[in-house]
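Worksheet for the structure shown next.
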Number of protein chains: 2
Amino acid sequence: MQPDGRGSVAFLLAQLGAHAAALFTERVAALDLTPAQAGLLRLITVMPGRSQQAYAERLGVPPSRFVNLVDELESRDLVERRRGEPDRRSYALHLTTQGQAVMRDIGAVGRAHEDDLCADLTAAERQTLRELLGRIADQHGLLPGVHPGYRRE
Amino acid sequence: MQPDGRGSVAFLLAQLGAHAAALFTERVAALDLTPAQAGLLRLITVMPGRSQQAYAERLGVPPSRFVNLVDELESRDLVERRRGEPDRRSYALHLTTQGQAVMRDIGAVGRAHEDDLCADLTAAERQTLRELLGRIADQHGLLPGVHPGYRRE
DNA sequence: TATTGTTATACTCTATAACTATA
DNA sequence: TATAGTTATAGAGTATAACAATA
């Protein structure tokens, strides 16, 4: 523990990260989504039309689990599987119109989440914080938008 | 996603938190410990001699799981159960001499972990980061030294 | 009767690997 | 024969609740 009694950067990151993730889980639950589902919707938004394999690999999720994730979203008409062309073994994933609408809701949830979390910081302080955290993320090779703890949500 | 393409503070916290936790898991595994075991050893160091119930409540771990945690540490002679006085239903927990030695190893691991994580930041930047993170942690009522994600490690 | 700690059990989540269809 | 996706299954980890000892 450090002189201020709050702990190291590493511990604060782990502690706040878990807290932020738990808050986000609650918030997207209001949209009847898990964080994993929300994350996949976002990824498809950013890079649409890829194969399931491509998304699964990027997220670090084993195929067997990924199928389930897509099944849930497809059964709710948020995501559409389209047979691959010309390789008909694969499926390309796309958001439906409903999926795009839900994606906008997720964006609103994300902004509320951010404001709640940083409520006590000024705009300048948030910017400083984002820069410092971004530097660490860069240095450790973390992909923007890909949650490492994704592997179990 | 933010203009710099790295994401919001909230997302960076969740992402880096999971990454930091994963790195720490690897490091303490070298001591043949899980993060949960290391966390309990630390808690007993800070406030020794309390009842199992007191520790379990503080960590937010259900009693049935806590028993297991103590069993593992006791079987390795790192922690000792002492019958409560005068209430003989309870057990007070203490570190053994071996447990104290392991606790020193955990401290060394923690410092290496911190240095690795913050390698690219100056001392002043680390301090700034710790202050900003500490403010958020305070605001959200997080207890120093208590990992929320503790509930499943 | 209530409380501390323990044990039993059922449930959820996961990865591994077998399987189907296309190539 | 190899690959994309799917399904089956067995294992790990968890919380709930029944239990034993002490108050």
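Numbered from 1 within each chain, the chains take letters A, B, ... in sequence-line order.
The shortest heavy-atom contact between B:A10 and A:E114 is N-OE1, 2.8 Å. Between A:L12 and B:R130 the shortest heavy-atom distance is CD1-O, 3.9 Å. For B:E125 against B:D120, the heavy-atom pair with the smallest separation is OE1-O, 4.2 Å.
Atom CD in A:Q52 sits about 17 Å away from atom P in C:dA21, given to the nearest Å. Rounded to an integer number of Å, the gap from CZ of A:F66 to P of D:dA4 is 14 Å. Rounding to whole angstrom units, CZ of residue A:R65 and C1' of D:dT9 are separated by 17 Å. Put simply, CG on A:L69 is 12 Å from P on D:dT6, counting in whole angstrom units.
If you check the side chains of A:Y91 and A:R83, you find a donor sitting under 3.5 Å from an acceptor. At a cut-off of 3.5 Å, with distance as the only test, no side-chain donor of A:Q53 or A:E57 sits close to an acceptor on the other residue. A donor and an acceptor atom, one from each side chain of A:R81 and A:Q52, are located under 3.5 Å apart.
Looking at A:E80, its side chain never comes within 3.5 Å of a backbone N or O of A:H94 through a donor-acceptor pair.
Between B:Y55 and B:F66, the ring planes lie parallel to each other; the angle is under 30°, not in the 30° to 60° tilted range. In this pair, A:F11 and B:H147 present their aromatic rings perpendicular. The plane angle is above 60°, beyond the 30 to 60° band.
The phosphate of C:dT6 (OP1 or OP2) has a side-chain N or O of B:R81 nearer than 4.0 angstrom. Phosphate proximity of C:dT4 to B:Q53: present, with a side-chain N or O under 4.0 Å from OP1 or OP2.
Taken over five-pair windows at either terminus, the axes of the helix from C:dT1-D:dA23 to C:dA23-D:dT1 are inclined to one another by 20° (rounded to 10 degrees).
By the 4.5 Å heavy-atom criterion applied to side chains, B:L132 and B:T128 are counted as neighbours.
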Which is it for B:R126 and B:D115 under the salt bridge (Lys or Arg N to Asp or Glu O under 4.0 Å) test, yes or no, and what are the steps along the way? CA-CA 10 Å; B:R126 295 186 197 193; B:D115 283 341; 3.1 Å; yes
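Positionally, the nearest nucleotide of DNA chain C for B:A92 lies more toward the 5' end than for the other of A:S64 and B:A92. Along DNA chain D, the nucleotide closest to B:N68 and the one closest to A:S51 are compared, and the more 5′ of them pairs with A:S51.
Against DNA chain C, the stretch residues 71-79 of chain B makes no heavy-atom approach under 4.0 Å.
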Kindly give the atom pairs (protein nitrogen or oxygen, nucleotide nitrogen or oxygen) under 3.5 Å for nucleotides 19-23 of chain D.
residue, atom, partner, partner atom, Å
D:dA23, OP1, B:P86, O, 3.3
D:dA23, OP1, B:R88, N, 2.8

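Contact annotation for A:S90: backbone-only contact, meaning every heavy-atom pair under 4.0 Å involves sugar-phosphate atoms and none involves a base. As judged by a 4.0 angstrom heavy-atom cut-off over every strand, A:Y91 is placed among residues touching the sugar-phosphate backbone only.
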